[in-house]
Amino acid sequence: MKHYTIGVDFGTLSGRSVLVDTDDGTVIASAVKEYTNAVMDECLPDGTKLGMDWALQHPMDYMEVLEETVPAVLEKSGVSKDSVIGIAIDFTACTMMPLDSEGTPLCLKKEYEKNPHSWVKLWKHHAAQAQANRLNAKAEKMGEDFLKRYGGKISSEWMLPKIMQILDEAPEIYNDAYAFMEAADWVIMTMTGNWVRNSCTAGYKAMWHKRNGYPSKKFFKALDDRLENVTDKFKGEIKPVGEKAGSLNKAMADKMGLNEGIAVAVANVDAHVSLPAVGVAGPGKMLMIMGTSTCDILLGEEEKIVPGMCGVVEDGVMPGYFGYEAGQSCVGDHFDWFVRNCVPEEYKRAAEEKGMNIHSYLTEKAEKLKPGESGLLALDWWNGNRSCLVDVDLTGVMLGMTLLTKPEEMYRALIEATAYGKRIIIDTFEKSGVPVNELYACGGIAKKNPMMMQIYADVTGREIYIGASDQTPALGSAMFAAVAAGKDKGGYDTIYEAAEKMGHVEDYTYVPNPENMKIYNKLYNEFVILHDYFGRGENDVMKRLKAIKKEVSAGGASNA
């Protein structure tokens, strides 16, 4: 009898389910549901206005994904629900929400629905930067060791700064919240009825350490008296990824068209869960999960301190290894911003006449350029910097433009900027004693833009392997579902066994071009100068401009 698992990937704008053959990882069927409410960054559904740098979501959008896409993959494939042995999910992180004691998101309760702080704070909610700055300053002053495991800074995207913002701006929400939970864990709780948290987000996003636990109550109290017992609101047992969180309950089984009682795996993060899907199961191999942003995952055999990394967690990605995370806040978003705002109509018409989308058209023109030919150099900070500076208040720069500069030159410069940002990350890991010998890439960009991947190979000087699946995170989740189900049910005993059978890369790679590398080395050196000048405090003009913008937006200046 054939056995199948379902993996569900919850992204920034949509959720995707895949039905996977556990024998070889073949994706039998997939289905996508765009979130009804997408990203709420200007107002709530009722029109309540949001401040600058907010990014919220609606928790019921996640339920719609399960209720629509899971039945869809069963119908498309013709596979009987009796052959499905398990289900698992992955999520953007840190995407978090306050809950009551029944596990209901506070935003779904009448008394809280108009309060923005009762809603889901998406990973790219950056309005808690002031709280992150305060946390980092206090931790540094007190000599807290935990800070080193996060590259010296806790990001505003992580759990505690978001909780601190709630406490500062809506203390009634903080006080009434029985728990603060990752959206990933909330979905699993809804599916199983069990309050279980995954070790991946607990370690990378909530400052938990497998051996030392959370930072001390003394630290939290020093940060704010009201935070002394904040970890009491982190409800649920922390379980390693790959373990079984529980069994699918009847209510959700009926809604998804599955059998009650099948295995539900502990939740995971979209980037981390992708590693076994490309067959990576050992150290020295960095996986770039490339989408709106890029997350870098790397396994190591020792715990090292790496400046600006997003975290290092023992068993956080694959059991038996230390999992390192870094990343870039703006990659696909970078290019999307450009085509929406900076491309002339004549280019759009030309693309339509050739039957191409505008990205493909710009790429076709940009790939005719030689490295350095445009005379442009850009920084990839259009959405702040995640690694290695960990500063969301940094903004974008492009140098070298003239009256002769063309859109395709700017487009290529933005692509090159993300490649330089990647090399900064790689160089920082290697200088810290964590080797990066090979690069792997997955995600839509990695599959669709050969020019970009060749630029990455030329800039980093490393061969790049491409994940074979178009749905890598969802496939990875399906693999963890197979492990949660176990070998006796048709799955696997370990994720390493699953990776060997179900994970695959394409039969082609991108190999560095020596001539291009020479030019890119020169450009990279210039990039590093700009990176350090604007990013390490010598010139804080970006932050001053942002402060003026905030002042004017708040009505602090006249229109004269």
Side-chain angles (χ1 to χ4, degrees), residues 284-288 290 294 296 298 306-309 324 326-328 330-331 334-335 363 365-382 385-389 394 396-402 405-406 408-441 445-446 449-466 508-536 538-539:
K285 303 175 181 181
M286 176 181 281
L287 174 62
M288 307 177 289
M290 306 178 75
T294 291
D296 304 313
L298 176 66
V306 182
M309 66 180 173
Y324 292 87
Q328 293 163 277
C330 190
V331 180
H334 208 192
F335 316 136
T363 298
K365 295 179 77 67
E367 66 186 354
K368 296 176 183 177
L369 299 168
K370 297 177 182 178
E373 183 179 349
S374 70
L376 299 180
L377 183 65
L379 294 177
D380 60 326
W381 299 344
W382 262 247
N385 178 281
R386 185 182 296 163
S387 301
C388 299
L389 299 171
L394 296 174
V397 166
M398 186 176 291
L399 291 179
M401 289 184 288
T402 72
T405 297
K406 297 178 175 62
E408 60 268 27
E409 294 174 330
M410 299 169 68
Y411 190 73
R412 181 171 178 127
L414 292 176
I415 290 175
E416 290 170 340
T418 65
Y420 301 141
K422 183 64 59 202
R423 181 167 165 181
I424 286 254
I425 293 170
I426 292 171
D427 287 354
T428 303
F429 270 104
E430 294 224 303
K431 289 174 184 175
S432 302
V434 184
V436 181
N437 302 320
E438 296 175 356
L439 286 182
Y440 290 70
I445 292 175
N449 198 321
M451 179 192 75
M452 180 168 171
M453 300 319 301
Q454 185 61 52
I455 289 173
Y456 270 53
D458 294 341
V459 169
T460 63
R462 285 165 175 78
E463 187 172 7
I464 299 178
Y465 301 80
I466 306 298
Y508 61 87
T509 64
Y510 292 91
V511 180
N513 179 311
E515 293 303 313
N516 290 348
M517 284 177 61
K518 291 177 183 177
I519 302 300
Y520 278 130
N521 282 335
K522 294 179 181 179
L523 291 168
Y524 176 69
N525 290 336
E526 298 296 337
F527 178 90
V528 171
I529 293 171
L530 285 180
H531 175 279
D532 292 349
Y533 178 66
F534 288 114
R536 299 194 186 277
E538 187 170 349
N539 189 338

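Distance check, rounded to the nearest 0.5 Å: CG of L394 to CG of L379 gives 9.0 Å. Rounding to the nearest 0.5 angstrom, the gap separating the CD atom in Q454 from the CD1 atom in I415 is 12.5 Å. Note that CE of M453 and CD1 of I466 are 4.5 Å apart. Values are rounded to the nearest 0.5 Å. Note that the OG1 atom of T405 and the CG atom of L376 stand 5.0 Å from one another [nearest 0.5 Å]. Taking CG of N516 as the reference point, atom CG of N521 lies at 11.0 Å (rounded to 0.5 Å). Rounding to the nearest 0.5 angstrom, the gap separating the CG atom in N449 from the OG1 atom in T363 is 4.0 Å.
Every residue two or more places apart in sequence or in another chain that forms a side chain to side chain contact (heavy atoms under 4.5 Å, CB included) with T509 is listed here: E463, Y465, V511. Judged as a salt bridge (charged side-chain N to carboxylate O under 4.0 Å, His left out), and not counting sequence neighbours, D458 has no contacts. Residues passing the salt bridge (charged side-chain N to carboxylate O under 4.0 Å, His left out) test with E515 are K518, sequence neighbours excluded.
Looking only at distances, a side-chain donor or acceptor of E430 sits under 3.5 Å from a matching main-chain atom of V436. Although no hydrogens or angles enter the test, the distance criterion places a donor-acceptor pair under 3.5 Å between the side chain of R423 and the main chain of V459.
Listed here is the closest heavy atom pair of G461 and P512: C-CG, 3.5 Å. G327 and I425 make their closest contact through O-CD1, 3.8 Å (heavy atoms, listed as atom of the first residue, atom of the second, distance). Counting all heavy atoms, side chain and backbone alike, G284 lies closest to L298 at C-CD1, 4.0 Å. Heavy atoms only, all atoms of each residue included: C388 and P307 are closest at CB-O, 3.7 Å.
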Inset, instruction - Go through the steps to decide whether Y524 and I424 satisfy the test side chain to side chain contact (heavy atoms under 4.5 Å, CB included), and finish with yes or no. - result: CA-CA 9 Å; Y524 176 69; I424 286 254; 3.6 Å; yes
Inset, instruction - Please test M309 against V434 for side chain to side chain contact (heavy atoms under 4.5 Å, CB included), starting from the C-alpha separation and ending with a verdict. - result: CA-CA 12 Å; M309 66 180 173; V434 184; over 6 Å; no
Inset, instruction - Apply the test side chain to side chain contact (heavy atoms under 4.5 Å, CB included) to residues E409 and K365: give CA-CA distance (whole Å), side-chain angles for both, the deciding distance (0.1 Å), then the verdict. - result: CA-CA 9 Å; E409 294 174 330; K365 295 179 77 67; over 6 Å; no
Legend entry - Full working for side chain to side chain contact (heavy atoms under 4.5 Å, CB included) between E416 and F527: CA-CA 10 Å; E416 290 170 340; F527 178 90; over 6 Å; no
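Side-chain atoms of H531 and Y420, non-hydrogen and from C-beta on, never get closer than 4.5 Å to each other. Put simply, the side chain of D380 does not reach to within 4.5 Å of the side chain of K422, judged on heavy atoms. Counting heavy atoms from C-beta on, the side chains of V331 and M452 come closer than 4.5 Å. Considering only heavy atoms from C-beta on, K370 stays 4.5 Å or farther from I519 through its side chain. The side-chain heavy atoms of E538 and D532, taken from C-beta on, include no pair separated by under 4.5 Å. Counting heavy atoms from C-beta on, the side chains of L414 and M398 come closer than 4.5 Å. Residues V397 and W381 are not in side-chain contact: their nearest non-hydrogen atoms beyond the backbone lie 4.5 Å or more apart. Side-chain atoms of K285 and N437, non-hydrogen and from C-beta on, never get closer than 4.5 Å to each other.
Using modelled atom types, one finds a donor on one side chain and an acceptor on the other under 3.5 Å when comparing Y456 with T418.
Under 4.0 Å is where a charged nitrogen must lie from a carboxylate oxygen, and between E408 and R412 no such pair does.
Using a 30° and 60° split on the angle between ring planes, Y508 and Y510 fall in the perpendicular class, above 60°.
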